[in-house]
Every structure is written in structure tokens, then in C-alpha cells.
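All values derive from a computational prediction rather than experimental measurement. Just so it is clear: chains get the letters A, B, ... in the order the sequence lines come, proteins before strands, and each one is counted from 1.
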There are 2 protein chains.
Amino acid sequence: MRATIKDIAKISGVSTATVSRVLNELGGYRPEVATKVLAVAKELGYRRNDSAVSLVKQATRTIGIVMPTVATSFYAQIINGIEDRAYQAGYSVILTHAGVNNVRLQESLNFMVERRVEGIIGVSINLAQIDLQAIAALAVPLLLLSAQAPGNRLPYVKVDDYAAAYAATTDLIDHGHRTIALVGVDPADSVAGRPRIAGYTAALQAAGLRLDRNLIFPGDYTFEAGQRAMTTILATPELRPTAVFAVSDETALGVIAVCYQAGLRIPQDLSVLGYDNSAIASMVSPALSTVAQPFYEMGQLAADKLITGLQTNQPIQSQIVPFKLIHRGTVSSL
Amino acid sequence: MRATIKDIAKISGVSTATVSRVLNELGGYRPEVATKVLAVAKELGYRRNDSAVSLVKQATRTIGIVMPTVATSFYAQIINGIEDRAYQAGYSVILTHAGVNNVRLQESLNFMVERRVEGIIGVSINLAQIDLQAIAALAVPLLLLSAQAPGNRLPYVKVDDYAAAYAATTDLIDHGHRTIALVGVDPADSVAGRPRIAGYTAALQAAGLRLDRNLIFPGDYTFEAGQRAMTTILATPELRPTAVFAVSDETALGVIAVCYQAGLRIPQDLSVLGYDNSAIASMVSPALSTVAQPFYEMGQLAADKLITGLQTNQPIQSQIVPFKLIHRGTVSSL
DNA sequence: GCTCTGTACGTAAACGTTTACTTGTTTTGA
DNA sequence: TCAAAACAAGTAAACGTTTACGTACAGAGC
């Protein structure tokens, strides 16, 4: 069995209180006692039991991450950012996923509460009204990352999707494009879907361009959504966009894949603009032009905000983080 | 403050023992007592405190993951696999990274031991002799994933890198290639480096081909390593390989990027074979031919093995998982 | 009526820490 | 020299559970 401070106390001939004080460098002991205690601790391979500490201190120094699924690379960057900051602050991170459509959300949250996480970061989870009540009942601070709650009743960190879509569409227009498809967006998604549609629409109108609803292709941000949309576009000659604004980098790659098969050249025959600036965007050839979300930094910021909120006991303020248009090789001027 | 079983006990007029029995469905109480207790628990929003449970049960039902960094997408798939299985077994997962070159390894491991994780999965961490001693001192089961310890002194789950490199190289030879570069490999890396060099070399020899050491380009599995190597290849006319076997998908994309810049067509002018089958491989155009490692399944398997090892108290057996050659669009026959 | 068995609880110790309080000893300062 | 202050260390309670053990009571069987 693992050594405890009792063992150390017994062997070094002091009380557990003194051992604790030595180990935590609280002072109130002679140097030679400290030396002895430390030596015994090392000898026994002593490691503090955080369960016991958590119990008495009523604090676990742990935060939880919930996300739909861990599988995609941009989540990896987010997790990385969160973990880095949490580590710096002496927090550990526990990880669960909520399943597609949040099927496992409630269960995951319970899990975390039982683990007594001090706060939770919910990444890309779309909350319904009913979830909000359950979350309130949990009595644990929850910060949303790349997501937003109905009525903004939870703090969030995200980019302004409307503004990003507006800027992206405008950029395409500035490159001389007049017929621009919007691909892969989910109109039922009130956080990353509708605002992007609205931004796209507004940019067209501001430029005096006609909005063609047939150029908006619904989807779920996946590669396949891009493939499907592009296949439809090729099969519908009357559409003929000169540029497509894809709602994720993966979707953009789906569009490009179909073009490649069909012998269309990017960007000469079609301009493609992605969204996310995930790691792949800079690795494909031609490199993908895209609107960048600073995932790593967003993760850091979220962890920062959550932890300082925890420590100061202040409510967490939402924050809009800046996006950036990254021009690479998939958009050309007409 | 959060409600405890004492609160429930007091309000429902029974002892904490009975509350515990009801909550854990252990029997030994009348139905009406159970109803009452459950109602009170719900009313108070009671959640079990796992720190207390861990303390008394001497078990945390938590496993830890350590990896060099979380940033890349193939780690995401691995984490996903681990988390899924762990969840099914009622375990939670805590996550830390070891930093580049394991700078943070010892610290991370201590962290986990203090958290009393029951076992650890080390993903892609290269251990030195000295680490092994520290790990043994930790007295926590450690299973390596996509890694291997000196002298195989720790159980591992990984593909046979030698065999995979042999098969990949042979496949290229079967496509008619005679001059094949090996790109991005780290000769100092005894787990993913040297075995692949050996497999590559052996395949050439088996085919009666001459080994040209200049065709082996050292690197660190990154995109940039691929770029550097390919740049050198273009600048060195006497080499002129017709195929390159890149040691990761990202490296392969680096190679392809330089070719794209130089106007070389893939696969007509150069065949490129990747390694990993990370999510990107199927999304780029042309889609990347690669040797697939089943990351998600490896994660599942590792979690499985670790947890059953924990529960049965049996030593964990190492396991080689099968790789698969995936033919897509970047390799052509000469 | 009596013992026996089973059920339905309650009591209290234990898990490994931290920490308020107490006690005893040494140092300080006038 | 002596009281006061400072220091070093110990005692024991507390954190929230689980669980071995004890007990009271009801019904069964004779």
C-alpha cells in the first residue's frame, strides 16, 4: 500500500501535523526536522493523496471539458490551449464528451459534478432551454467555447460568426466574384449556422448583389457536406458560382475534392474559401484560404477566464475573439 | 454548500448508513424509506462526492493520458478511442502532456499519481532508461501506445513499424519504382525511426535494389520536414527519386506542397506515400495513399487492456495491431 | 412460551489530509 | 531575573463517504 503521512510521521518520530507542515512548507519546524521528514518521504516514495486533500480543502483544482466528440483536429488545438493554461494554474483537466446531439450531455455533466470539478468548459455544445435548467441545477460554473446559450444565459468565448461571414463574403466580392455559394451551413444551428447565413446575406446586399437562395447549401460542417454541395453545383449549370464560401475547412476540402475529380482547377476555375484555419488548411496544396479562428488561444482564454472566475468568485464575462482572414492559394481575383 | 448524505439523513430521519445503502441500491431497507430518501436527495440536488468515495474505497476509477502534445489530429482520434472505452467502463480520463522532449514528463506523472489515477496510458512518449526507473517508483501501471520502452520493459500497443515500412516500400517497388526516398524519419528514434529505416532498407534489399543513403532524409515527422527534404531533392538532380515514402501524412503533405510550387504533378511526376492515415489523408486532393494506423481502435484497445488489467490484476500483454496499406491517389505505377 | 432466523436499521470506525487550538520550550528585552 | 513573546510541535476534529458490526424487532417453527 502506498505510504501516507502517518507512516512518515511514525518513522521520523513527529506528528502528522508536522509532516504536513513540512511537506507544504508552512514553516514552524526546525530545519533538521524538515530534512528528516523529507528524507523519509522520499525513501517511502510518498505521494500526496489528492482525494483526501480535496475532501478537507473542499476544492479539487480540477476543471472539466465537455465536447460533442474529441475526434476533429480543431478540438485538439482547443484542448491543448485549455490544458496548457490549466496546468500553469495548477489545475488538472478531465475530459468527457457529450455525444452527438448531446445524448450523453446530462450524464457527462453528472460525472463531472461527482468528480467535483470546480468549473466546466463546454466546447461547441448547442444547448437547449431544458439543458439550461439542468445546468443551473448543477451549480457549477459553465463557460461555453465556440458556442452560445439561448438568451446568452451562459458566458461564452467565441468569434463573431456574423461578422466573420460578412467579412469573408465581402472579401470574395472584393476579388470580383458576383456569384458566391455558401456551403455546408446548418440553418437550424443558431450559433454557427444562422449568423453565418445572415452575414453572408448582408454582405451580398451591401454590395448590391442579388441573393439566390439556391446558392445556400445546407450541411453539417463535414467533408461530405462539401462533396454533396459541389456535386449538386456541377449538376446544376444555371447556378455556376465563381466562388464558394465553405463553412468549415473540411467542407472546403470536400468541395475541392469534387472539383479535382471533375478536372476543375482551384483557384483558376473556382475560388474556395474555408473557415476555421485548422492545421490542415496550411498543409494542403494549394493552401486553403480561410477565416481563422484562434483555437489554441481560445482554449487558453477560456481556461483563463474560468479559473480566474473561480478564484475571484466573480461572474465570467463573455468575450468575442477576433477572427482573421487568411489569404492563401484557393481564392483568385476574377 | 452542496448537500451531503448527512443532510439527507437528518431530513429523512434515518442514518447516513441507510442513505448510503439506498443510494447505492444495496438492499436492507423498506421501500417507503427508499422513496423518502430518494425524494429528499433529489430535492436537495444531492451529488455524490467522489473524493470521499475514492478515499474510503481506495479507488478512483480514473485513468490518465500523457502525450507529448495534444495538438495533432491523430492524437484526437486516440483520445477519443480511449475516452469512449473508459466511459463505458465507468472510468474518467484525465489528460496531461509531457511537453516536447518529455520536459514535463516527471511532473505530469506526479500530478497523476497524486490524483491517484489507477493506470496511465502514455501516447507516443519516448522513454529513456532513467524514466523507466522513475516510472517503476511510481507504482502505477503504465501502458504505452504507439511507443515502446527500452528493453520492452513496459507493455505497449502499436503497429509493427518495421513490417509496415517494409510493406510500404515493397508496394512502391511493386508499382515499378526503383529509386525511392525515405523522408522525415528520425534515426535517433528507436521506436518509430530506426525500425522504419530498417524496414525500408530490407525491402530494397529483398528486391535487389541498391540502398542509397542520400535518399534517406532525416526529420521529425512534421510538414516542414517534408518541405525541407523535397526542396533538397529538387536541388540535387543526381538523386531524382520517382517515389517518396514519407514517414507521416503531414510530412507527405510537405513534400507535396513543394512539388506543387515547383509545378511537379502528383502522382504523374512523383509518387508519394504517407504514414498514419490521419483524417486529412482522405480529404486532400489527390487523396493521399498511406499506411493506416487504426488510431481510434488503438485508443480503445489500450483503454480496454489497461482497465481489464486493473480489474483482474493481471500484467498487461503487449499487442501489435495491424496496419493497412491504403491506396488512394498519390501513388502511380511507372 | 421459547429459540431461531431474517430483516431493517443504527453506530462508529476508517480512508488521508489539513488546521485551529493547545502545550511546552526557548528567546527576548527591560 | 522574570514576564512576555516567539517558536516548535502535538492533539484532535473535520471533510463525505462506506461498511463491519451490533441491535431491535417480527415472524416462523416447535
Side-chain angles (χ1 to χ4, degrees), chain A residues 1-38 40-41 44-62 90 110-118 139, chain B residues 1-38 40-41 44-62 90 110-118 139:
Chain A
M1 210 59 279
R2 214 169 264 281
T4 70
I5 56 169
K6 287 187 191 174
D7 301 324
I8 301 180
K10 194 170 300 176
I11 297 181
S12 24
V14 297
S15 72
T16 59
T18 297
V19 175
S20 176
R21 282 189 280 255
V22 170
L23 293 176
N24 293 299
E25 302 182 22
L26 294 178
Y29 45 81
R30 287 167 306 154
E32 54 267 37
V33 171
T35 317
K36 173 73 177 172
V37 166
L38 259 12
V40 173
L44 296 180
Y46 169 80
R47 312 278 162 173
R48 180 159 50 115
N49 184 329
D50 269 331
S51 295
V53 177
S54 297
L55 193 56
V56 47
K57 288 221 177 159
Q58 300 278 66
T60 54
R61 290 186 84 75
T62 301
N110 278 335
F111 211 73
M112 296 211 164
V113 176
E114 290 178 358
R115 239 69 185 183
R116 287 295 185 277
V117 296
E118 299 181 13
Chain B
M1 212 60 276
R2 214 169 263 282
T4 71
I5 57 169
K6 287 186 190 175
D7 301 324
I8 301 180
K10 193 170 300 176
I11 296 181
S12 27
V14 297
S15 71
T16 60
T18 298
V19 174
S20 177
R21 281 189 279 253
V22 170
L23 293 176
N24 293 300
E25 301 181 22
L26 294 176
Y29 45 81
R30 286 166 307 149
E32 53 269 36
V33 170
T35 316
K36 174 73 176 169
V37 166
L38 259 12
V40 173
L44 296 180
Y46 170 79
R47 313 277 164 173
R48 180 160 51 119
N49 184 328
D50 268 330
S51 296
V53 177
S54 296
L55 193 56
V56 46
K57 286 218 177 163
Q58 300 278 66
T60 54
R61 292 186 82 75
T62 301
N110 279 336
F111 210 73
M112 298 211 160
V113 175
E114 290 178 0
R115 239 70 183 180
R116 289 294 187 278
V117 297
E118 299 182 13

Side-chain atoms of residues 25-36 of chain B: list all donor-acceptor pairs with protein atoms under 3.5 Å, sequence neighbours left out, distances to 0.1 Å.
unit_1: B:R30; atom_1: NH1; unit_2: B:E32; atom_2: OE2; d: 3.4
unit_1: B:T35; atom_1: OG1; unit_2: B:P31; atom_2: O; d: 2.8

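- A:R115 and B:S51 share no side-chain donor-acceptor pair at under 3.5 Å.
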What does the list of N/O pairs under 3.5 Å between the protein and nucleotides 24-26 of chain C look like, with a distance for each?
none

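- Within the structure, no pair that satisfies the salt bridge (Lys or Arg N to Asp or Glu O under 4.0 Å) test touches residues 12-23 of chain B, not counting sequence neighbours.
- Annotation: side-chain hydrogen bond (donor to acceptor under 3.5 Å, both in side chains) contacts of B:S20 (sequence neighbours excluded): B:N24.
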N/O to N/O distances under 3.5 Å, protein versus nucleotides 26-28 of chain D:
none

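- Across D:dC15, C:dT18, C:dT11, the shortest atom-to-atom separation from the side chain of A:Q58 is found for D:dC15.
- By the side-chain hydrogen bond (donor to acceptor under 3.5 Å, both in side chains) test, A:R47 is found to be paired with B:N110, residues two or more places apart in sequence or in another chain being considered.
- For B:T60 (side chain) and B:R116 (main-chain N/O), a donor-acceptor pair under 3.5 Å exists by modelled atom type.
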Reading 5' to 3' through nucleotides 19-24 of chain D, protein heavy-atom contacts under 4.0 Å coded B for base, S for sugar-phosphate only, - for none: B-----
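- Considering only the side chain of A:N49, C:dT17 comes nearest among D:dT18, C:dT17, D:dG10.
- Put simply, the side chain of A:S12 gets close to the backbone of A:I8: a donor and an acceptor are under 3.5 Å apart.
- For the salt bridge (Lys or Arg N to Asp or Glu O under 4.0 Å) test, residues two or more places apart in sequence or in another chain that qualify with A:R48 are A:D50, B:E114.
- Qualifying side-chain hydrogen bond (donor to acceptor under 3.5 Å, both in side chains) partners for A:R61, counting only residues two or more places apart in sequence or in other chains: none.
- Residues of residues 2-13 of chain B having a heavy atom closer than 4.0 Å to DNA chain C, listed by number: B:G13.
- Residues B:S15 and A:V19 both approach DNA chain C. Their nearest nucleotides, taken by heavy-atom distance, put B:S15 toward the 5′ side.
- Checking D:dT18, C:dC9, C:dG16 against the side-chain heavy atoms of B:R30 singles out C:dC9 as nearest.
- For residues 1-20 of chain B, no residue pair satisfies the salt bridge (Lys or Arg N to Asp or Glu O under 4.0 Å) rule, not counting sequence neighbours.
- Ranked by how close their nearest DNA chain C nucleotide is to the 5' end, B:P31 and B:R116 are led by B:P31.
- Recorded end-axis angle for the helix from C:dG1-D:dC30 to C:dA30-D:dT1 stands at 50°, based on five pairs per end and rounded to 10 degrees.
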